[in-house]
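It should be emphasised that the depicted structure is a prediction, and the values quoted were computed from it without experimental measurement.
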Amino acid sequence: MLGYSRSMLKRACLLLLSIPLLGALACPARAQVQAAATPLLQRPPVQIPAPDPALKAALDATRRGGLDDLVLAGFSGQPLAGWLEFAALRARFDSLPPARGAAFLAAHKGEPVAAAFRAEWLPALARRNEWPAFLEAWSSAIDDPALRCLRLQALMAMDRVDAAWTTEAQALWRSSGASLPAQCDAPFALLAARGGLPDALRWERFDKAADAAQGAVMRSIARGFANPADAAQAQAWAAYLDAPGGDVSAWPKNARSRLVAAAALAKLAKSNPDRAEALLPGVAQALGFGEAELGRVRYQVALWTVASYLPDAARRLAAVPESAYDDSLREWRVREALARADWPAALDAIARMPEAQRNDSRWLYFAARLRELTGDVAGARALYAQAAQKADFHGFLAADRLDLPYALCPRTLEAPLAAKQALARDPGLVRAIQLFQLDRRGWAGREWNAAVARLDPIQRQLAVELAQDNGWFDRGVFGLVNVGGKRYPDEQQLYLLRFPLHHAERIRREAARNGLDPAWVAAEIRAESVFDPRARSSADARGLMQVLPATGAAIAKSLGLGWKGGDDLYDPDTNIAIGSAYLRQLLDRYGGQPYRAIAGYNAGPAPLARWLAQRPTLDPDFWIETIGYKETRDYVARVLSFSTLYDWRLSGDALRLSDRLLGRSNGPRKGFTCPAPAAASTTPAAAPAPPAQDARKRP
């Protein structure tokens, strides 16, 4: 039986009821609690027809040159015929007759392949100066700035520059403070020549560029001012943004000067917070900075100091006006205190968070830990119980603190199998899945997005299950919970879809060979590739466990595996064997501590060595929370929580997470229950992470 026995739960509840709030949270009425069953049964898979091997060969052939229409006609009627035709025609875009392109767009009107065709056909027509055909192929749904500027060029060439043209060009001009595509240069030049860029419009975009710290854009705009004094001042502002430090006392004492100076010092703070802080008092006095400008600069000075845990972090955090704080900096205020082992300061920082943030399981858990460390045991247990309601890293840790089962409320789709079978005949989904199977990921994504946009939530969930039946496992991540700008929180309970499991026997075998927990290996695969054997990162990490070719070659040699090159990592068996052996190496290198090995797997040895040297004595949960990179901080917690969920999938129960992160594999195992909803605590407790600019290197 999964979970604790009834007698064990009864004894635990009798003890916990001595604390009123805790007893109510941890021991709800029997009718409100249900044990999470042993991993839920899935319905039989539904397979869609595999792509025609001849069509795959034809698609591959288009990379070497076009196919003639006679060959294309042989594939008409097949699901992917339109994509094959697109690939074939694209190879001849430089000479394709406009009528042929128009015929393709008409034949596939409203289909994703038409949008893909149009996005490449329009620039080809522009290169050929085929402006009438360009305008005929245009779609009002296009919002790409480069294509919109090409349309303005087409209208210019057709002598159709009118008031509507001017309005559209001005809208593009003011759309962004960042640099716009080169295709906009000619329309903007004509707009200026026709008097359509008055100084007010130039200043409007100049201010946007200053706010976005875009010095090159500011300089370009400055060259267009008719008044030499305005042009000179604008150039001075742009120069200061790129190299702050000069005398600003002669600048106009206006909002624009303050905007530029604050943006410049905030930009400087990201690379040199000491210099930015040193310049701030003089600039603030000279230009009359208000709280908004002071807050903007001090925010960045504090953020880039605390992200490296430099000595002045606490002082600089305290200097930031409370009005400039956001969720990110509030979290860093907690981490800075944790890094110094200043428990009262960390607890105070959590208490200063907004209610929604401090009631996130992360900050409930840390508030409980800090209360425990400062002597408030009853308050700690109440907060632990509240955090333990969540099936995530901090919720599982909180449950361990109370020796409670883990919270899990899994559900399966209730729609009949026939509904999934019907979706397997949906042309858009068939095309999406077949394109994925052909490793045409971009095209597959276009078809998928178009298909699920017209489905209701139950059909979309079934589409995810159908995709996974056919090997497209990451739809359980990208097709549920947050979809099309909408959130569906109940879909978090679809654990079988969100945590797919494939190659289970190979995972068990390689985990055993390397003395690893198979749930950890599965969790790494879920975090790295969502079981996509063809996954490839921008850094060239490949396959299920995202192994770099150099690492793969070295480990393959040590294992005595044949190695023909980096593409071997796309083979699931090879990838799991190499990735598991690499995890074992990391585990041995970092003292048998999985949380450190996981951090090293994500960030690499140099950052890990720095973090270990900075905070060598912190408890693992505090150490994880104080990791400097947001990506790695979240990654370690995610992999560990995924390990618990994959333990459930593989075994029906789970090793305690507090044992797992320390590498203790022989500790007690725990069950899962679905807890009743609990009322939110009014006890100050704390949530998300800092803004990611460079996801890994940003704080």
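Here the OH atom belonging to Y488 is positioned 11.0 Å from the CG atom belonging to L480, to the nearest 0.5 angstrom. Distance SG/C149 to CG/L180: 6.5 Å, rounded to 0.5 Å. Rounded to the nearest 0.5 angstrom, D162 CG and T167 OG1 are separated by 8.5 Å. Considering CD of Q233 and CG of N254, their distance stands at 8.0 Å, rounded to 0.5 Å. For the atom pair CZ (F188) and CG (L172), the distance works out to 5.5 Å, reported to the nearest 0.5 Å. Taken to the nearest 0.5 Å, the OG atom of S139 stands 10.5 Å off from the CG atom of L147.
With respect to D392 and K390, no salt bridge is recorded, no charged nitrogen being found less than 4.0 Å from a carboxylate O. With respect to the salt-bridge test (charged N to carboxylate O, under 4.0 angstrom), the residues D312 and R315 qualify. Ionic pairing of D242 and K267 is present here: one or more N-O contacts between side-chain nitrogen and carboxylate oxygen are shorter than 4.0 angstrom. Between D274 and R316, at least one side-chain nitrogen of the basic residue sits less than 4.0 Å from a carboxylate oxygen of the acidic one, meeting the salt-bridge criterion. Between R542 and D540 there is a salt bridge, since at least one side-chain N of the basic residue sits less than 4.0 Å from a carboxylate O of the acidic one.
Put simply, the side chain of W448 does not reach to within 4.5 Å of the side chain of F478, judged on heavy atoms. Taking the side chain as every heavy atom from C-beta outward, S257 and L287 approach each other to under 4.5 Å. Side-chain contact between D144 and Q183 is absent, with no heavy atoms from C-beta onward closer than 4.5 Å. Using a 4.5 Å cut-off on side-chain heavy atoms (C-beta onward), L364 and N359 make contact. Residues E277 and R298 fail the side-chain proximity criterion, which asks for heavy atoms closer than 4.5 Å. L135 is not listed as a side-chain neighbour of W131, based on a closest heavy-atom distance of 4.5 Å or more. Using a 4.5 Å heavy-atom cutoff, the side chains of P594 and L586 are not in contact. Side chains of I142 and L122 form a contact here, defined as non-hydrogen atoms less than 4.5 Å apart.
With V334 as the partner, the side-chain contact (heavy atoms from CB on, under 4.5 Å) test is satisfied by one option alone out of E625, R352, M353: M353.
Formation of a donor-acceptor pair under 3.5 Å by the T374 side chain with backbone atoms of L370 is found in this model. Panel note: side chain R526, backbone R498; a donor-acceptor pair is recorded below 3.5 Å. A donor-acceptor distance shorter than 3.5 angstrom exists from the side chain of Q170 to the backbone of G196, with no hydrogens or angles considered. Side chain of R118 to main chain of A137: a donor-acceptor pair is present (N/O by atom type, distance under 3.5 Å, no hydrogens or angles). Between the side chain of D474 and the main chain of V477, no donor-acceptor pair closer than 3.5 Å is present. Side-chain N or O atoms of T305 include one that pairs as donor or acceptor with a backbone N or O of V301 at under 3.5 Å. In this structure a side-chain-to-backbone donor-acceptor pair under 3.5 Å is missing from K630 to G628. At least one donor-acceptor pair under 3.5 Å links the side chain of R205 to the backbone N or O of A178.
Nearest approach of I627 to W332, heavy atoms of both residues: O-CH2, 4.3 Å. Taking all atoms of both residues into account, the shortest heavy-atom contact from Y325 to R330 is O-NH2, 3.5 Å. Shortest non-hydrogen contact noted between A450 and P112 is CB-CG, 3.5 Å. Nearest approach of L197 to A192, heavy atoms of both residues: CD1-CB, 3.9 Å. The two residues L241 and G215 make their nearest non-hydrogen contact at CD2-N, 3.4 Å. Of all the heavy atoms in A387 and S361, the pair that sits closest is CB-O, 4.0 Å.
W138 and F134 have parallel rings, their planes meeting at less than 30° on a 0 to 90° scale where 60° marks the start of perpendicular. Between W343 and F622, the ring-plane angle classifies as tilted under the 30° and 60° cut-offs. Taking the six-membered ring for Trp and thresholds of 30 and 60 degrees, H394 and Y365 have ring planes inclined between 30 and 60 degrees apart.
Annotation: D159, atom CG; neighbour count of heavy atoms from other residues, nucleotides and ligands within 6.0 Å does not exceed 12. When the shell of 6.0 Å around CD of Q285 is examined, it contains 12 or fewer heavy atoms from other residues, nucleotides or ligands.
Between the side chains of D532 and S529, not a single donor N or O lies within less than 3.5 Å of an accepting N or O. Side-chain atoms of Y601 and Q546 form no donor-acceptor pair, as typed in the model, at a separation below 3.5 Å. Residues Y635 and E524 bring a donor and an acceptor atom of their side chains to less than 3.5 Å of each other.
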Please step through side-chain hydrogen bond (donor to acceptor under 3.5 Å, both in side chains) for the pair Y299 and D326, ending with a clear verdict.
CA-CA 9 Å; Y299 178 104; D326 59 6; 2.9 Å; yes
Using the side-chain contact (heavy atoms from CB on, under 4.5 Å) rule, take T632 and W611 through it: C-alpha gap first, then chi angles, then the decisive distance, then the call.
CA-CA 11 Å; T632 305; W611 301 329; 3.8 Å; yes
Could you walk me through whether E293 and V283 satisfy the side-chain contact (heavy atoms from CB on, under 4.5 Å) test, starting with their C-alpha distance in whole Å, then the side-chain angles of each, then the deciding distance to 0.1 Å, before giving a yes or no?
CA-CA 11 Å; E293 291 86 15; V283 174; over 6 Å; no
The test is salt bridge (charged side-chain N to carboxylate O under 4.0 Å, His left out); show your working for R202 and D207 and say whether it passes.
CA-CA 9 Å; R202 291 182 184 276; D207 290 347; over 6 Å; no
Evaluate D621 against R362 for salt bridge (charged side-chain N to carboxylate O under 4.0 Å, His left out), listing each step before the verdict.
CA-CA 11 Å; D621 52 352; R362 178 194 302 255; over 6 Å; no
Working for side-chain contact (heavy atoms from CB on, under 4.5 Å), residues L612 and R596
CA-CA 9 Å; L612 290 172; R596 295 179 177 182; 3.4 Å; yes
Under the side-chain hydrogen bond (donor to acceptor under 3.5 Å, both in side chains) criterion, do S179 and Q214 qualify, and how do the steps go?
CA-CA 8 Å; S179 179; Q214 297 287 320; over 6 Å; no
Determine, stepwise, if the pair R369 / D619 fulfils salt bridge (charged side-chain N to carboxylate O under 4.0 Å, His left out).
CA-CA 11 Å; R369 278 278 275 133; D619 288 348; 3.0 Å; yes
One pair to check against side-chain contact (heavy atoms from CB on, under 4.5 Å): D348 and R333. What are the steps and the verdict?
CA-CA 10 Å; D348 176 70; R333 186 158 53 187; over 6 Å; no
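Ring to ring, F206 and W203 are close: their centroids are under 6.0 angstrom apart.
Judged by a 6.0 Å distance limit and a 45° cone about the ring axis, R615 is positioned over the six-membered ring of Y309. Taking the centre and axis of the six-membered ring of W165, the NZ or CZ atom of R160 falls outside the cone set by 45° and 6.0 Å.
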